[in-house]
2 protein chains.
Amino acid sequence: MNLTLKQFRYFEALARHGHFGRAADACSISQPALSMQIRELEETLGTELFERGARQVRLTNFGEEFALRVRDILRSVDELGDLARASRDRLVGRLRIGVIPTIAPYLLPEIITSLSGLHDGLEIHVRETLTSRLVEELAEGRIDTAIVALPVSEPALTEVALFNEKFVLVRPDADRDKPVPDRDTLREMRLLLLEEGHCFRDQALSFCNLRSARPRELLDGSSLSTLVQMVGSGIGVTLIPEMAVPVETRSAAVSVVHFKDPQPARTIGMIWRKSSPLAAQLHQISDIVRRAGEDVRSREETG
Amino acid sequence: MNLTLKQFRYFEALARHGHFGRAADACSISQPALSMQIRELEETLGTELFERGARQVRLTNFGEEFALRVRDILRSVDELGDLARASRDRLVGRLRIGVIPTIAPYLLPEIITSLSGLHDGLEIHVRETLTSRLVEELAEGRIDTAIVALPVSEPALTEVALFNEKFVLVRPDADRDKPVPDRDTLREMRLLLLEEGHCFRDQALSFCNLRSARPRELLDGSSLSTLVQMVGSGIGVTLIPEMAVPVETRSAAVSVVHFKDPQPARTIGMIWRKSSPLAAQLHQISDIVRRAGEDVRSREETG
DNA sequence: TGGCGTGATAAGTATTTCTTATGATGAACC
DNA sequence: GGTTCATCATAAGAAATACTTATCACGCCA
């Protein structure tokens, strides 16, 4: 036989009451049931825990020591229950969130502020990389959720749309007064794009009705920031998501214009494993992220 | 339902193996049995511990935290078993031993030396008082054993004889060359005795064939040491147990003589509750005490 | 699409644990 | 000194629990 928590609970009651009948009452069982479990416990241990006197039940020396430890254990076990109850509703512990590079710099500060304000004691890990890798890491359980451009169309993943964001044209400041190009004239221009793998590259190309582009410059490992700086140097033009405008165009000699309808845009959403037990919390979080995105974009409009 | 250690063990195995089948093997149960217990555990907690992927079983955030604590608990529980095993054979913890005043000063130093030498980490509490009170305290579980003169004849107590000790006559040094009195001549002398309640008083009286004595001096709260000093002052004579001779007659102007046969004597023994779970250890201890007594008495003879 | 690996579910069985009834023992009380 | 009371142990049958084997469901992979 093995030690059981039930035996510990009965033992603790008996140690406290010093009386089989009353201890059994306290445990809501019959007195023989308690007797049997105590005997079982003593047999398992190979030692007597109580000295049964005619009129009193006393702990032995060993029983005293045993009681101290058992109380510790029972306390720890009860804490487990509390812990579970606490973590059932609100998100606790670690949240590993992946974000694509064309969103991360603009949205993350807001997200992290909101999340850590609402969920005290939440540890946030951020992973910034391409969608394909995020999906991999999601499948492997290395991150809990990711913020990407939809659709991802992975059957194992849940997708939740957060908001749409338009793409804007960034061109040298000198071009400020030129007319807004349409997608066809855009194709004629020297369009600077991120390296392959970035979804934003594909989205931009698709807007221009291009399947692929032979880049004249290799921009491996570069960022929207780099692109904008290059535009400022008069090398060409580029597209950036509108959320990036305030950050990226502040310190560059560039001008920004919106396209005429139909404007290019993409849907930003959150994804997570369908099997994730965090699903409920992730839905809550998606609301927070949506609000964060709205805040950022409204700041842009007014700023 | 309640949390059980069994569930914790299964959970730990599953957390370790990340695979229901292999974890079940490790627990020597079937896979469904493990599945059920894990589900039960999760339902009890109201939280998911594992995320069941198609090809892998992963701990959730909460599961990770849970695993840490569960491992702690299981370790504590296993330690309980070790603790029991360790304390089964040798005596550990606290030993509360009572001794009557006419033995304590002469035997205790030796006993304590032997006991604490043999049982490392044994905490010895000594209670020195009259037999009647020792028996009371034994019954109440306030001491574990007592060293007294036998018989005590309490049905609830085990008696173990340790050794016999003779009584010797202590008389003023001036009487050194007088003949050894017998019990009848002793009755004529001015016999100094301990106050009522001391068994040694009764034993001495019984040797003289007296049922009681009207003491001419009230010696309440006194000791053999006091008696001997009084004898040295020429007030009367007294009897002391032979074990007390070296200590008590060293610094007094008294002479000591043995009686002729039949010499007065008493049996010193150990007593403890029949229900005491320490019985086995107490038997061992009684051997140690017996040897201690022999050592003390042999030192007396040669010294 | 069919086989494979894996976990969940189902049904029946074994084991454990509980309850009620009763026995044994020592203490208290005439 | 028996009688009664209190208390814990034991016994036997009932209830609850845990386990086993067999089977299903699902996703993955070829």
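Lettering of chains follows the sequences in order, A, B, ..., and the numbering in each one begins at 1.
Put simply, CE on B:M36 is 7 Å from P on D:dC19, counting in whole angstrom units. Straight-line distance from the CZ atom of A:R9 to the P atom of C:dT17: 16 Å, rounded to whole Å. Counting to the nearest Å, the P atom of D:dC19 and the CG atom of B:L34 are 9 Å from each other. B:E40 has its CD atom 14 Å from the P atom of C:dA8, to the nearest Å. Across the protein-nucleic acid pair, A:D25 atom CG and D:dC8 atom P stand 12 Å apart, rounded to whole Å. Residue A:R58 contributes atom CZ, which lies 15 Å from atom P of D:dT7 at whole-angstrom precision. For B:K274 and C:dA27, the NZ to P distance is 10 Å, given to the nearest whole Å. Between the CD1 atom of A:I29 and the C1' atom of D:dA15 there is a distance of 15 Å, rounded to whole Å.
With rounding to the nearest 0.5 Å, the separation of CG in A:L34 from CD in A:Q7 is 10.5 Å.
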*For B:T60 and B:E51, run side-chain hydrogen bond (donor to acceptor under 3.5 Å, both in side chains): C-alpha distance rounded to whole Å, both residues' side-chain angles, the deciding distance at 0.1 Å, then the answer.*
CA-CA 6 Å; B:T60 60; B:E51 185 182 334; over 6 Å; no
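In summary, B:R22 and B:D25 do not engage in a salt bridge, as defined by a charged side-chain N under 4.0 Å from a carboxylate O. Between A:R266 and A:D202 no salt bridge is recorded (no basic side-chain N to carboxylate O distance below 4.0 Å). Look at B:E12 and B:R16 and you find a salt bridge, because one of the NZ, NE, NH1 or NH2 atoms lies within 4.0 Å of a carboxylate O, short of that distance. Looking at A:E79 and A:R75, no side-chain N of the basic residue comes within less than 4.0 Å of a carboxylate O on the acidic one, giving no salt bridge.
Residue A:P155 is classed as having no contact, given no heavy-atom separation below 4.0 Å to the nucleic acid. Within the nucleic acid shown, B:Y10 comes within 4.0 Å of sugar-phosphate atoms alone, with no base atom in reach, counting heavy atoms only. B:Q37 comes within 4.0 angstrom of sugar-phosphate atoms only, judged by non-hydrogen atoms across all strands, and of no base.
In this structure, of C:dC18, D:dT21, D:dT10, it is C:dC18 that holds the atom nearest to the side chain of A:A33. Considering only the side chain of A:F20, D:dC8 comes nearest among C:dC18, C:dA8, D:dC8.
OP1 or OP2 of C:dT9 lies within a sub-4.0 Å distance of a side-chain N or O belonging to B:R39. Between B:H19 and C:dG7 there is a side-chain N or O to OP1 or OP2 distance below 4.0 Å. Listed pair A:S35 / D:dA9 meets the phosphate criterion, a side-chain N or O lying under 4.0 Å from OP1 or OP2. Distances shorter than 4.0 Å separate some side-chain N or O of A:R52 from OP1 or OP2 on D:dA9. At least one side-chain nitrogen or oxygen of A:K6 sits closer than 4.0 Å to the OP1 or OP2 atom of C:dC18.
Judged by closest nucleotide on DNA chain D, A:Q31 is the one of B:P32 and A:Q31 placed further toward the 5' end. DNA chain C is contacted by both A:Q7 and B:A156; A:Q7 maps to the nucleotide lying nearer its 5′ end (nearest heavy atom per residue). For the pair B:V57 and A:S28, both in contact range of DNA chain C, the more 5′-proximal nearest nucleotide belongs to B:V57.
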